[in-house]
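What follows is a set of notes on a single structure, which appears directly below.
Quick note: residue numbers are just sequence positions, from 1. Hydrogens, waters and symmetry mates are skipped; everything else that's a heavy atom, side chains included, is used.
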Amino acid sequence: MAAPIGLQRVPFWPVFAVISAFKLLLIPTYRSTDFEVHRNWLALTHSLPISKWYFESTSEWTLDYPPFFAWFEFGLSQIAQFVDPAMLEVTNLNYASTQTIVFQRLSVIITDFLLAYAVKECCACIAKSNNKQEYEDLISQPAFVLAVLLLTNMGLLLVDHIHFQYNGFLFGLLLLSIARLFQGRNLEGGFWFAVLLNFKHIYIYVAPAYFMYLLRSYCFTQSHKDGSVMWTSFSITRLISLGLVVISVFALSFGPFIAMGEIAQVISRLFPFKRGLCHAYWAPNFWAFYNVADKAVTIIGVKADILTVNTTQSQASMTGGLVQEFQHTTLPSVPPIATFVLTGLSILPAVIHLWRYPSGPRGFLRCLVLCAFGSFIFGWHVHEKAILLIIIPLSILSVWSYNDAQVFLLLSTVGHYSLFPLLYTQPETPIKVCMMLFFTIFSFCALQGLYQSPHPDAILPHLPLLNPLESLYILGLLPLYIYTDIIHDLLGLGERLSFFPLMLTSVYCALGVLYTWLVFYKRTLQRGAKIDHAKQS
């Protein structure tokens with residue numbers, strides 16, 4: 001028998017080297033309009049004074065990220081000018097020379113080193129929490145499993161290294177912040193999250209978890225024996241220290257624009273509410289069901305002569321899939337304020353639970369995941385890529401708890417599948433399918449190795465860690481893929497119902513997202529109930 005591994009070093013950097021080499025192979029693949037978005041941002045930050053950055057509109061892809069990301073693009077442009085100066089011309093729209101493609105692709109790969117460092121820090125936290133355990137082989141080591149889950153995340157590979165974005169280093173900032181909180185370095189954790197918000201403001205959705213955790217577990221220094229807060233333990237010094245850290249970061253980011261009197265313009269770019277409720281491809285969330293219900297009621301109403309609707313317009317809005325403001329035909333159109341209220345209500349129990357039952361960084365991480373869930377399910381103009389904001393932090397919990405591993409397997413499988421429509425070109429089809437299979441098979445096998453299945457004597461067959469019904473749902477992705485990618489066009493419906501495969505994918509995946517959200521929420525809130533029961537006993 002092999003000697004136990006114990007606390008031997010996880011081969012972290014070899015794993016990162018292998019995945020980086022794979023990323024290099026993806027350089028020639030399909031790239032979305034986001035490639036031109038970032039080329040344009042390189043150009044305008046390099047060619048224009050800072051006072052013009054958030055006013056420039058030569059390209060339709062205007063700068064709509066916070067100032068730190070604009071400075072990041074400016075920094076890249078200082079190198080880009082030595083590679084191909086033509087890429088830095090604002091009027092050179094849709095420019096994509098070979099040098100430009102290689103430069104921008106490599107910039108994503110190189111900045112992923114921050115992601116790698118943050119993953120390493122998270123793995124160190126996992127290893128420390130299991131420092132008394134010994135392992136027979138590498139695959140049974142939670143830290144190694146987590147390293148592979150995060151570094152080879154199929155969604156990040158697809159979105160960043162084919163579709164093209166910079167989510168890797170941004171998630172690196174998030175994971176680094178989380179790691180610092182687990183290490184008890186709360187001020188650093190708050191600092192890195194504040195930095196992250198000034199790179200990409202979508203992460204504001206998980207800010208309530210940070211606010212409540214740092215207030216409850218850092219500014220209040222003690223609790224009563226029953227877990228309730230000891231109000232006299234409030235530290236004004238800690239609150240001021242934390243406030244100064246956060247304010248300093250935002251002042252450095254937005255200060256120049258406030259001084260120039262341009263803050264209103266910057267805010268209008270960061271929050272463009274005219275984009276409409278849904279993105280071009282409906283994210284698999286609550287609004288996918290709402291949109292389908294609107295279409296169903298409209299069709300039934302028209303056929304029953306109850307409603308009179310411009311049929312051509314109705315079909316176009318259903319099957320076009322364009323980036324535009326979506327107006328519902330029969331059901332009330334949803335204003336931004338309604339989504340904000342629903343999002344707030346959806347995360348409120350999680351935030352209150354974090355205050356009432358503080359359980360350290362793990363409790364914070366559960367709250368963060370629930371905040372990400374709520375914003376994805378009920379948010380305004382949600383991108384399908386935002387599912388990664390749930391999957392990435394949930395990966396950490398999956399190597400700590402069987403129940404969380406079960407939720408992770410369900411959500412990561414259906415969430416990653418929901419990203420398939422982003423790569424609609426034929427050459428990339430085998431790539432995305434193989435990446436999906438590798439990550440999914442590894443996830444099931446590795447997590448099965450960490451936990452024993454609670455259904456060892458189940459009569460019906462099932463996937464590892466899942467019950468038969470959940471397994472059937474996951475296996476249903478196969479006929480869904482066969483229909484949407486093959487049968488739909490063979491039936492001659494490609495032109496008449498071009499958006500139907502996307503709608504079907506969105507709705508089917510939304511079932512899994514809502515199911516995992518409810519399961520995860522129930523288990524999180526039950527933890528508080530168990531604590532109360534223990535106190536009464």
Quick one: does Y30's side chain get under 4.5 Å of P427's, heavy atoms only?
-> no
When you measure from the side chain of N285 to the backbone N and O of F378, does any donor-acceptor pair fall under 3.5 Å?
-> no
Please identify each residue that fulfils ring pair (Phe, Tyr, Trp, His ring centres under 6.0 Å) with F182, with sequence neighbours left out.
-> W400
Flag if over 12 foreign heavy atoms under 6.0 Å of CG, L93 | yes
So, do L115 and L150 sit near enough that their side-chain heavy atoms are less than 4.5 Å apart?
-> no
Walk me through it: do H416 and L388 pass the test side-chain contact (heavy atoms from CB on, under 4.5 Å)?
-> CA-CA 8 Å; H416 288 154; L388 297 177; 4.1 Å; yes
Do any N or O atoms from the side chain of T339 and from the backbone of P336 form a donor-acceptor pair under 3.5 angstrom?
-> yes
If you round to the nearest 0.5 Å, how far is CG of L175 from SG of C125?
-> 10.5 Å
Which residue, Y210, W355, Y218, forms the ring pair (Phe, Tyr, Trp, His ring centres under 6.0 Å) with F364?
-> Y210
Heavy-atom closest pair, residues P208 and V351 = CB-CG2, 4.0 Å
Can we call the ring centroids of F376 and F373 under 6.0 Å apart?
-> no
E121 and R180 ion-paired at < 4.0 Å = yes
Check: S47 side chain, L88 main-chain N or O, donor-acceptor pair, under 3.5 Å | yes
Enumerate, atom names and distances included, each donor-acceptor pair closer than 3.5 Å involving a side-chain atom of residues 247-267, sequence neighbours excluded.
from : atom 1 : to   : atom 2 : distance (Å)
S248 : OG     : L244 : O      : 2.6
S253 : OG     : N198 : OD1    : 2.9
Q265 : NE2    : Y54  : O      : 2.6

Apply ring pair (Phe, Tyr, Trp, His ring centres under 6.0 Å) to W13 and list each qualifying residue two or more places apart in sequence or on a separate chain.
-> F16
Closest non-hydrogen atoms of T505 and P421, given as atom of the first, atom of the second and distance, are CG2-CG, 4.3 Å
Smallest separation among heavy atoms of L368 and I178, with atom names | CD1-CD1, 4.3 Å
For the side chain of R39 and the backbone of M87, is there at least one donor-acceptor N/O pair under 3.5 Å apart?
-> yes
So F169 and F72, ring pair (Phe, Tyr, Trp, His ring centres under 6.0 Å) or not? Walk me through it.
-> CA-CA 11 Å; F169 91 88; F72 167 72; 4.8 Å; yes
Would you verify whether the NZ or CZ of R105 falls within 45 degrees of the ring axis of F164 while also being under 6.0 Å from that six-membered ring's centre?
-> no
Excluding sequence neighbours, so at least two apart, what forms side chain to side chain donor-acceptor pair (under 3.5 Å) with R362?
-> none
Distance-only donor-acceptor check, side chains D160 and Q165, under 3.5 Å = no
Exercise: do T100 and S97 side chains pair donor with acceptor under 3.5 Å = yes
Using only heavy-atom distances, determine whether the side chains of T33 and E36 contain a donor-acceptor pair under 3.5 Å.
-> no
Would you give the length of the straight line joining atom CZ of R366 to atom CD1 of I396, rounded to the nearest 0.5 angstrom?
-> 13.0 Å
Donor-acceptor contact below 3.5 Å, side chain Q78 vs main chain A80 | no
Under 4.5 Å between any side-chain heavy atoms of F234 and L239, yes or no?
-> yes
Basic-acidic side-chain contact under 4.0 Å: D112, K23 = yes
Does the S506 side chain pair with the main chain of L502, one donor and one acceptor, at a distance under 3.5 Å?
-> no
With distance as the sole test, does N153 use its side chain to make a donor-acceptor pair with the main-chain N or O of L156 at under 3.5 Å?
-> yes
Does W71 have any ring pair (Phe, Tyr, Trp, His ring centres under 6.0 Å) partners at least two apart in sequence or in another chain, and if so, which?
-> W53, F74
Might you point out which heavy atoms bring S498 and P501 nearest each other, and give the distance in Å?
-> O-CD, 3.5 Å
Without swapping roles, check the side chain of S177 against the backbone of G189 for a donor-acceptor pair under 3.5 Å.
-> yes
Would you say S59 and V90 make side-chain contact, with heavy atoms under 4.5 Å?
-> no
Rounded to the nearest 0.5 Å, how far does CD1 of I387 lie from SG of C509?
-> 9.0 Å
Quick one: pull up CZ in R31 and CD1 in I162 and give me the separation to the nearest 0.5 Å.
-> 13.0 Å
Could you tell me the separation between the CG atom of L44 and the CG atom of N40, rounded to the nearest 0.5 Å?
-> 5.0 Å
Worked verdict on Y481 versus V433 for side-chain contact (heavy atoms from CB on, under 4.5 Å) = CA-CA 10 Å; Y481 177 76; V433 171; 3.7 Å; yes
For a side-chain hydrogen bond (donor to acceptor under 3.5 Å, both in side chains) with Y65, tell me which candidate from H38, H201, K200, R269 qualifies.
-> K200
Is the ring centre of F286 less than 6.0 Å from the ring centre of F289?
-> no
Pair Y203 + F171: ring centers closer than 6.0 Å = yes
State, to 0.1 Å, how close Y521 and A350 come at their nearest heavy-atom pair, and which atoms those are.
-> OH-N, 3.0 Å
Between L158 and M435, is any pair of side-chain heavy atoms under 4.5 Å apart?
-> yes
Heavy-atom check, side chain of W517 versus side chain of I390, under 4.5 Å | no
Would you please indicate if the ring centroids of Y166 and W41 are separated by under 6.0 Å?
-> no
Does atom OH of Y424 have more than 12 heavy-atom neighbours from other groups under 6.0 Å away?
-> no
When rounded to the nearest 0.5 angstrom, what distance separates CD1 in I431 from CG in L423?
-> 8.5 Å
Y213 vs C367 side-chain heavy atoms within contact, under 4.5 Å | no
Is any side-chain heavy atom of H163 less than 4.5 Å from a side-chain heavy atom of F35?
-> no
List the steps and the verdict of side-chain contact (heavy atoms from CB on, under 4.5 Å) for L174 and L389.
-> CA-CA 10 Å; L174 177 66; L389 186 52; 4.0 Å; yes
F199 and F69 aromatic ring geometry - parallel, tilted or perpendicular at 30°/60° bounds | perpendicular
Step-by-step side-chain contact (heavy atoms from CB on, under 4.5 Å) determination, V382 to W287 | CA-CA 10 Å; V382 174; W287 303 119; 5.7 Å; no
Is there a side chain to side chain donor-acceptor pair (under 3.5 Å) between E60 and T62 once you walk through the steps?
-> CA-CA 6 Å; E60 61 181 313; T62 53; over 6 Å; no
Ring pair (Phe, Tyr, Trp, His ring centres under 6.0 Å) with W192: which residues, sequence neighbours excluded?
-> none
Considering all heavy atoms, the nearest L149-S443 contact = CD2-OG, 3.4 Å
